**Student:** 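Structure provided below as structure tokens; questions to follow.
Quick note: numbers below take in every heavy atom, side chains included, and nothing from hydrogens, waters or symmetry partners. No experiment lies behind these values; they were computed from the predicted model shown.
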Amino acid sequence: MMDYRKLTDHLILLLLVAMVAFGIAVLVRLAVLRAGEDVGTANLAFVGTLAACTVLYIFIVSVLANTVIPWALKKLGFKPRPVEDEAKPGEAPAAISAPAAEPIAAPSPITIPEPAPTPAPIPAATAPRKPADIPQMRKNIAASQKKQKEDNLLLFQDYAHRVVGVYI
């Protein structure tokens, strides 16, 4: 049985229907040409057949989804899913509410570290760097980038534990 919530199932179904409709339209076009009509009439029959197949598909899907499938499920003995009560304004839905014995503590505010100070501008009269300094500069830059990534990861983990962890 198809899961209609998945996009790929919809695409597979639509591609299959489109290919069948295209095949039927091609056969109708060839039949019109074989009957001795001109190309314009055959093309018009092709487009008309595609339109008719589209309308027929939409009609069949709507009838099946709204009438036949619920009737068949009822005849086969499947029980409908219970409808969940909607939460009143200001209340959390029942699916994510915590047990009554454990009140949910409000998350403490997250402190965001201050950004690193921007380096002072380079004076115009500085001497050019020696080629021996370049590998050390690369190591320093890589180390600072690694430290910044680790700081961002720790900040995200702290945020996730404080905000999302309350509901888990």
**Student:** What distance separates I60 CD1 from L56 CG, expressed to the nearest 0.5 Å?
**Tutor:**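 These two atoms lie 4.0 Å from each other.
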
**Student:** Go through the structure and list residues passing side-chain contact (heavy atoms from CB on, under 4.5 Å) with V61, not counting sequence neighbours.
**Tutor:**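 V61 satisfies side-chain contact (heavy atoms from CB on, under 4.5 Å) with Y57 once adjacent residues are dropped.
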
**Student:** First locate atom CD of Q157, then atom CD of E150, and finally report the distance between them rounded to the nearest 0.5 Å.
**Tutor:**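 Output value for this atom pair is 10.5 Å.
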
**Student:** Do L14 and I58 sit in the same hydrophobic cluster, where Ile, Leu, Val, Met, Phe, Trp and Tyr count as joined when their side-chain heavy atoms come under 4.5 Å apart?
**Tutor:**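 Result: yes, single cluster for both.
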
**Student:** Between L33 and V39, what is the shortest heavy-atom contact and its length?
**Tutor:**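 Of all heavy-atom pairs spanning L33 and V39, the closest is CD2-CA, 4.2 Å.
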
**Student:** Can you name the closest pair of heavy atoms from I141 and S144 and give their distance?
**Tutor:**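 I141 and S144 have their closest heavy atoms at O-OG, 2.9 Å.
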
**Student:** Looking at side-chain heavy atoms only, is the closest gap between V47 and N43 below 4.5 Å?
**Tutor:**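 The answer is no; the side chains never approach within 4.5 Å.
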
**Student:** Using modelled atom types only, decide if a donor and an acceptor are shared between the side chain of T41 and the backbone of E37 within a distance under 3.5 Å.
**Tutor:**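 Side chain of T41 to backbone of E37, a donor-acceptor pair under 3.5 Å: no, none is there.
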
**Student:** Quick check for you: to the nearest 0.5 Å, what is the distance between D151 atom CG and L154 atom CG?
**Tutor:**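 One finds 6.5 Å between CG of D151 and CG of L154.
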
**Student:** Can you give me the closest heavy-atom contact between A21 and L50, atom names plus distance?
**Tutor:**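 Heavy-atom minimum between the residues: O-CD2, 3.8 Å.
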
**Student:** Measuring from atom OG1 of T49 to atom CZ of F22, what distance do you get when rounded to the nearest 0.5 angstrom?
**Tutor:**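 So the OG1 of T49 and the CZ of F22 are separated by 11.5 Å.
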
**Student:** Do you see a donor-acceptor pair shorter than 3.5 Å between the side chains of Q148 and N152?
**Tutor:**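 No, N152 and Q148 have no side-chain donor paired with an acceptor closer than 3.5 Å.
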
**Student:** Rounded to the nearest 0.5 Å, what separation is found between the CG atom of D158 and the CG atom of L153?
**Tutor:**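 D158 atom CG to L153 atom CG measures 11.0 Å (nearest 0.5 Å).
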
**Student:** Got F46 and V26 here, is their nearest side-chain heavy-atom distance under 4.5 Å?
**Tutor:**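 Side-chain contact under 4.5 Å: yes.
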
**Student:** Which atoms form the tightest heavy-atom contact between V32 and A42, and what is the distance?
**Tutor:**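 Heavy atoms only, the tightest pair is CG1-CA, 3.7 Å.
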
